[in-house]
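See below for the structure under consideration.
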Amino acid sequence: MSLRIFNVLGREKQEFVPIEPGRVNMYVCGPTVYDHAHIGHAKSYVAFDVIVRYLRYSGYDVLYVQNITDVGHLLETGEDRILRKARQAQSVPMKIVEDYTRSYFEDMDALGVVRPDISPRASGHIPEQIKMIETLLAKGHAYVVNGSVYFDVTSDPDYGKLSNRRLEEQEAGARDTVRADEKRNPEDFALWKKAEPEHILRWDSPWGEGFPGWHIECSAMAKKYLGTTFDIHGGGIDNIFPHNECEIAQSESANDAPFANYWLLVGSLTVDGVKMSKSLGNFRTIKDALQSYRPEVIRTFLLTAHYSNPIDYSDDALQAATGGWERINNAVRLLRRTMAGAPQSEAGSDFLPRVEEARRAFIEAMDDDFNTPRALAGLQEFTRDVNALLNSGQPLGLAILTAINAVYTTLGGGVLGIVGQSEAASSDGQREAALVELLIAMRAQARVNKNYAESDRIRSELARIGIVLEDRPDGTIWRVQS
RNA sequence: GACGUGGUGGCGGAGUGGCUGACGCUGCGGUCUGCAAAACCGUAUACACGGGUUCGAUUCCCGUCCACGUCUCCA
């Protein structure tokens with residue numbers, strides 16, 4: 001079995017063959033940092049997080065680059081998003097950029113998203129962008145007008161190959177913009193924009209003071225860190241046009257080499273059936289979501305749909321994800337508790353083939369275009385059998401328990417990021433645990449005395465503060481309700 | 001309008017040319033329990049509509065309807 005990926009470029013599932021065996025160079029379009037990240041960002045970056053984690057689990061040496069856009073991403077009005085935010089917040093652009101970059105990483109860390117290896121900023125790569133623009137000019141793919149530089153889409157016969165757009169078809173419906181008169185063709189896009197006096201994000205260039213267009217940063221930075229041709233380019237489907245299309249046009253025209261071999265685009269996220277977007281103002285931030293649901297539950301929710309499909313964020317769906325996540329984690333908790341008192345033996349090892357089957361099914365699902373819903377389903381089926389085993393009363397040695405735990409730790413934890421590596425215990429947690437154990441002992445005494453009124457009172461009082469008790473044949477265990 | 005994706009049970013959401021259409025959630029019944037909880041077992045009227053191809057289609061093709069996305073604001 002080998003990894004197969006749905007390549008948006010060509011729209012077919014293909015066997016994944018990296019340029020250099022064992023290595024994967026990967027670029028994912030990052031956020032424009034002018035506001036807090038929303039759960040749509042979470043969907044995208046959790047998806048690529050799992051993809052990177054799985055590639056690494058599969059043995060690939062992955063170099064993961066994800067940019068931070070801090071300049072050049074204009075609004076329809078021609079105003080820079082970051083400048084507008086700075087004006088609204090009565091702040092300065094680079095402070096806005098810094099604040100929201102930190103906020104972004106804070107959110108990603110909270111969601112357990114492994115950080116990219118390189119997080120280059122557009123504003124830190126102006127020379128690289130200028131150089132690429134000069135190359136495009138020299139090759140006749142771009143032209144200068146009034147201190148701005150535009151890419152001539154008619155110079156690239158492949159323009160439109162990713163999003164399946166033909167120039168002829170576009171022209172009829174092309175929108176007139178304020179600056180259209182500067183362009184030779186309506187579809188031409190800015191590589192460099194002349195800065196008006198009020199535009200304070202500005203740099204010197206061969207064409208006067210200005211700032212880079214939005215698309216050129218990705219081309220320039222991908223080239224700098226990954227080379228002219230790299231393996232995987234990722235992003236959100238909503239950026240397929242124009243952004244991704246323009247990236248390809250610029251890079252391939254400038255480098256005379258293919259840009260990315262595989263394009264993976266993530267489906268959008270809606271909230272209660274409506275598309276969420278910054279401009280509509282109906283977006284839920286990741287910080288909002290984390291108020292209501294724990295990070296692993298949010299990840300579980302996002303991974304129940306295939307990355308390329310859209311997903312709808314609703315309380316019902318998150319509740320269902322909570323239930324599914326708890327089922328797996330209840331099993332893991334029971335497993336680890338059983339391990340703590342298990343003998344060093346091979347007892348119960350006839351379950352080992354089932355463990356191997358679980359791993360095999362998981363790999364098969366993930367090898368099929370990172371099919372996390374199927375991988376998750378396999379883990380759930382495995383959990384059913386694990387629960388049955390753990391509750392069967394038969395003696396279980398450390399060997400089999402360790403093997404089961406490894407599945408949860410490496411696949412549920414290491415790849416999907418929804419299972420903890422161990423039961424974390426802070427010092428506060430230890431004190432809390434000791435107190436709960438004390439109450440459990442008191443309740444046990446009451447039960448021995450058949451004083452059920454008292455034992456039930458303890459149980460319901462604990463439940464009120466979110467601690468759930470479970471009486472098992474070998475004693476009472478407890479957990480914090482999520 | 002163009003391009004693209006999709007319409008699966010009470011909900012979310014996989015998947016397949018024929019074998020009982022996963023998995024999770026929810027509901028109901030059962031086992032276990034002092035009672036619960038957790039877990040396990042069982043169960044519930046699902047493949048938008050109309051044609052076509054085929055021995056046979058939910059799965060392939062065409063059309064219709066609907067939903068969503070993109071068409072230089074967005075991961």
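The figures here come from the full heavy-atom set of this structure, side chains too, leaving out hydrogens, waters and symmetry mates. In the text below, chain A, chain B and the rest are named by the order of the sequence lines, each starting its count at 1.
- A distance-only check finds no donor-acceptor pair linking the side chain of A:N7 to the backbone of A:G10 [under 3.5 Å].
- Spacing between atom CD of A:E187 and atom P of B:C71 amounts to 14 Å, rounded to whole angstrom units.
- A side-chain donor from one of A:D369 and A:Y307 sits under 3.5 Å from a side-chain acceptor of the other.
- What separates CG of A:D238 from P of B:U72 is a distance of 14 Å, to the nearest Å.
- Checked for salt-bridge contact, A:R447 and A:D471 meet the test: a charged N lies under 4.0 Å from a carboxylate O.
- A distance of about 10 Å separates the C1' atoms of B:U8 and B:G15, rounded to the whole Å.
- With both ends at atom C1', the span from B:U26 to B:G12 equals 11 Å, rounded to whole Å.
- Here, B:U53 and B:G63 have their C1' atoms 15 Å apart, quoted to the whole Å.
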Generate the contact string for nucleotides 36-43 of chain B. Rules: B means base contact, S means sugar-phosphate contact only, - means no protein heavy atom under 4.0 Å.
BBSSSS--
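- Nucleotides B:G21 and B:C32 place their P atoms 32 Å apart, quoted to the nearest Å.
- Counting non-hydrogen atoms under 4.0 angstrom, A:G40 reaches a base of the nucleic acid.
- With a cut-off of 3.5 Å on both pairing distances, the Watson-Crick and G-U wobble pairs of RNA chain B assemble into stems of 3 or more at B:1-7 with B:65-71, B:10-12 with B:23-25, B:26-31 with B:39-44, B:48-52 with B:60-64.
- B:G34 has its base stacked against the ring of A:Y452, the centroids being under 5.5 angstrom apart at an interplanar angle below 30°.
- Among the protein residues, A:I477 comes within range of no part of the nucleic acid, since none of its heavy atoms lies under 4.0 Å from any strand.
- Remark: the backbone N or O of A:V332 is not paired with any side-chain donor or acceptor of A:N329 at under 3.5 angstrom.
- If you measure from atom CG of A:L9 to atom P of B:G4, you get 15 Å, rounded to the nearest angstrom.
- Both A:C246 and A:S268 lie close to RNA chain B; mapped to their nearest nucleotides by heavy-atom distance, the more 5′-ward contact belongs to A:C246.
- Nucleotides B:C65 and B:G50, compared at atom P, are 15 Å apart to the nearest Å.
- The closest donor-acceptor contact from the side chain of A:D109 to the backbone of A:E106 lies at 3.5 Å or more, if one exists at all.
- Between the A:D152 side chain and the A:H141 main chain, no donor and acceptor come within less than 3.5 Å of each other.
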Indicate for each nucleotide in nucleotides 9-15 of chain B, in 5' to 3' sequence, whether protein heavy atoms under 4.0 Å reach the base (B), only the sugar-phosphate (S), or nothing (-).
----SSS
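- Ring orientation note: the planes of A:Y104 and A:Y45 are nearly perpendicular, at an angle over 60° on the 30°/60° scale.
- A:L376 has its CG atom 8 Å from the C1' atom of B:G24, to the nearest Å.
- Between the OH atom of A:Y34 and the C1' atom of B:A75 there is a distance of 11 Å, rounded to whole Å.
- Atom CG of A:L162 is separated from atom C1' of B:U70 by 12 Å (rounded to the nearest Å).
- Distance from the side chain of A:D456 is smallest to B:G34 among B:U5, B:U70, B:G34.
- Under the 3.5 Å distance criterion, with hydrogens and angles disregarded, a donor-acceptor pair is assigned to the side chains of A:T69 and A:N67.
- Nucleotides B:A46 and B:U59 have their C1' atoms positioned 15 Å apart, rounded to a whole Å.
- Using a distance-only test at 3.5 Å, with no hydrogens or angles considered, a donor-acceptor pair links the side chain of A:N391 to the main chain of A:N387.
- A:G30 comes within 4.0 angstrom of sugar-phosphate atoms only, judged by non-hydrogen atoms across all strands, and of no base.
- Between A:T270 and the phosphate of B:G69, there is no side-chain N or O to OP1/OP2 separation shorter than 4.0 Å.
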Any chance you could lay out the side chain to side chain donor-acceptor pair (under 3.5 Å) test for A:T32 and A:Y100, step after step, and finish with the verdict?
CA-CA 9 Å; A:T32 303; A:Y100 289 116; over 6 Å; no
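- When the nucleotides B:A75, B:G4, B:A22 are ranked by their closest atom to the side chain of A:A377, B:A22 comes out on top.
- Taking atom CG on A:N244 and atom C1' on B:G4, their separation rounds to 14 Å, with Å as the unit.
- Between A:F259 and A:H233, a ring centre-to-centre spacing shorter than 6.0 Å is recorded.
- For B:C11 and B:C47, the P atoms lie 13 Å apart once the distance is rounded to whole Å.
- Comparing B:G6 with B:U58, their C1' atoms sit 15 Å apart, to the nearest whole Å.
- Judged purely by distance below 3.5 Å, without hydrogens or angles, the side chains of A:Y27 and A:Q66 never pair a donor atom with an acceptor atom.
- Ring geometry for A:Y54 against A:F370 counts as perpendicular: the plane angle is over 60°, on a 0 to 90° scale with 30° as the lower cut.
- The separation between A:Y293 atom OH and B:C25 atom C1' is 13 Å, rounded to whole Å.
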